[in-house]
Amino acid sequence: MPELPEVETVKRGLEPALVGRRIAHVDLRRKDLRIPFPARFAERLAGKRITGMGRRAKYLLADLDDGETLIIHLGMSGRLTLSGKSGRNGEGRYYHEVRPLTRHDHVVLDLDDGERLVFNDPRRFGLMSLARTAELSAASFFRHLGIEPLGNELSADRLLDGLKGKKTSLKAALLDQTFVVGIGNIYACEALHRARISPKRLCHTMKLERAERLAQAIKEVLMEAIEAGGSSLKDYVHADGSLGYFQHRFAVYDRESQPCPRKTCKGTKIRRIVQSNRSTFYCPNCQR
DNA sequence: AGGATACCCTGACCGC
DNA sequence: TGCGGTCAGGGTATCC
């Protein structure tokens, strides 16, 4: 379920533990995830220091001190877990505990301070790769990506420009990562509900007023989810170091037959339809 | 060419 | 209790 807000939350959760640390050892426990690991992956990571972290679309980035960047995509079920524990106990004695590895723990990064980062991904829709930091935007993963939804790039005008002439539904357009990045099935539904626009509406029928509402709604929905993730970060990095996805209240997603939260809808039931093989949830009363 | 569909994969869940 | 079927969705290959 990781869309932009979840990836951003993972980035913020990991940043303090990873930046400045050196990767002491890498354990690659299989040869591929969704795609094969790049050549000499473990060797290229080992010994490098993590100098900073970033995010592009739903990709998590860790810059290394040799000019390469570790690229991580969580796919659908990927998780990054901090599982090492080391330090001085009450008696000043050094201790080191590491959680035993489990099924689907595919990549293990041991850091120089005793911390351990584990990538677990049951469905293996995720990926890990490496690219030259200076050439990231030209890397295959990023070359075709559209604009980031937060910040000034996304505006009503920019939306209108991208939507004009498109014959698809708005829902499909929002999921298209070559247009706007970071929005997945959940936040597409949520943004359209907040903007009071039908997911079935055809792109080319959009005019300025709806485009303004949609641009605003996308930003709000994503930013509120990031805030919810941020505020739950201390719960979210659990005592054992594992990172869970924060629970967030959705207005329409996965709420089929439940009342639309919008007061003026007076209990109109949320409807579920299928668009391009994916569930769409919306309120037939307020979304037009 | 661009839009729709199939597929990768496993776990959760449901009905029997 | 077990078992088969269905669904979940990010991204991309492939088809139309």
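Values reported hereafter were calculated over all heavy atoms of this structure, with side chains retained and with hydrogens, waters and symmetry mates removed. A note on names: the letters A, B, ... follow the listed sequences, proteins ahead of strands, and every chain is numbered from 1.
Atom CZ of A:F141 and atom P of C:dA13 are 11 Å apart (whole Å). The distance from atom CG of A:L74 to atom C1' of C:dG10 is 11 Å, rounded to the nearest whole Å. Whole-Å rounding puts the A:R34 CZ to C:dG10 C1' distance at 7 Å. Atom CZ of A:F125 is separated from atom C1' of C:dC7 by 12 Å (rounded to the nearest Å). If you take NZ of A:K58 and P of C:dG10, they are 5 Å apart, rounded to a whole angstrom. Atom CG in A:L127 sits roughly 12 Å away from atom P in C:dA13 (whole-Å rounding). If you take CG of A:N185 and P of C:dA8, they are 9 Å apart, rounded to a whole angstrom. The interatomic distance linking A:R278 (CZ) with C:dC7 (P) rounds to 14 Å, in whole Å.
For the 3.5 Å distance criterion, the side chains of A:K171 and A:Y282 fail to qualify, holding no donor opposite an acceptor.
When the side-chain nitrogen and oxygen atoms of A:H73 are compared with OP1 and OP2 of C:dG10, none of them lie within a distance under 4.0 Å.
Counting non-hydrogen atoms of other residues, nucleotides and ligands closer than 6.0 Å to NZ of A:K219 gives a total above 12. The neighbour count for A:R201 CZ, taken as heavy atoms of other residues, nucleotides or ligands under 6.0 Å away, is above 12.
Rounded to the nearest 0.5 angstrom, A:R210 CZ and A:R213 CZ are separated by 5.5 Å. One distance of note links SG of A:C286 with CZ of A:R262; it measures 4.0 Å at 0.5 Å rounding.
Between C:dT6 and B:dA6, the two P atoms lie 15 Å apart (nearest whole Å). Taking atom P in both B:dG11 and C:dT12, the straight-line distance is 24 Å, to the nearest Å. Going from the P atom of C:dC3 to that of B:dC9 covers 23 Å, rounded to whole Å.
The closest side-chain heavy-atom distance from A:V107 to A:D27 is not below 4.5 Å. The closest side-chain heavy-atom distance from A:Y187 to A:L4 is not below 4.5 Å. At a threshold of 4.5 Å between non-hydrogen side-chain atoms, the residues A:P5 and A:E3 count as touching.
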Reading 5' to 3' and counting Watson-Crick or G-U wobble pairs with both distances under 3.5 Å, write the dot-bracket notation for DNA chain B, | for bases paired outside the strand.
.|||||||.|||||||
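Contacts of A:R124 with the nucleic acid, taken as non-hydrogen atoms under 4.0 Å apart, involve only primed sugar atoms and P, OP1 or OP2.
For DNA chain B, the outermost nucleotides in 5' to 3' order that have an atom under 4.0 Å from a heavy atom of chain A are B:dG3 to B:dG11.
Between A:H104 and A:S169, the residue anchored closer to the 5' end of DNA chain B is A:S169, taking for each the nucleotide with the nearest heavy atom. Mapping A:P122 and A:N277 onto DNA chain B via the closest heavy atom, the residue that lands nearer the 5' end is A:N277.
Not one N or O on the side chain of A:E148 forms a donor-acceptor pair closer than 3.5 Å with the backbone of A:V181.
If you run side chain to side chain contact (heavy atoms under 4.5 Å, CB included) between A:L80 and each of A:L74, A:L18, A:N120, only A:L74 comes through.
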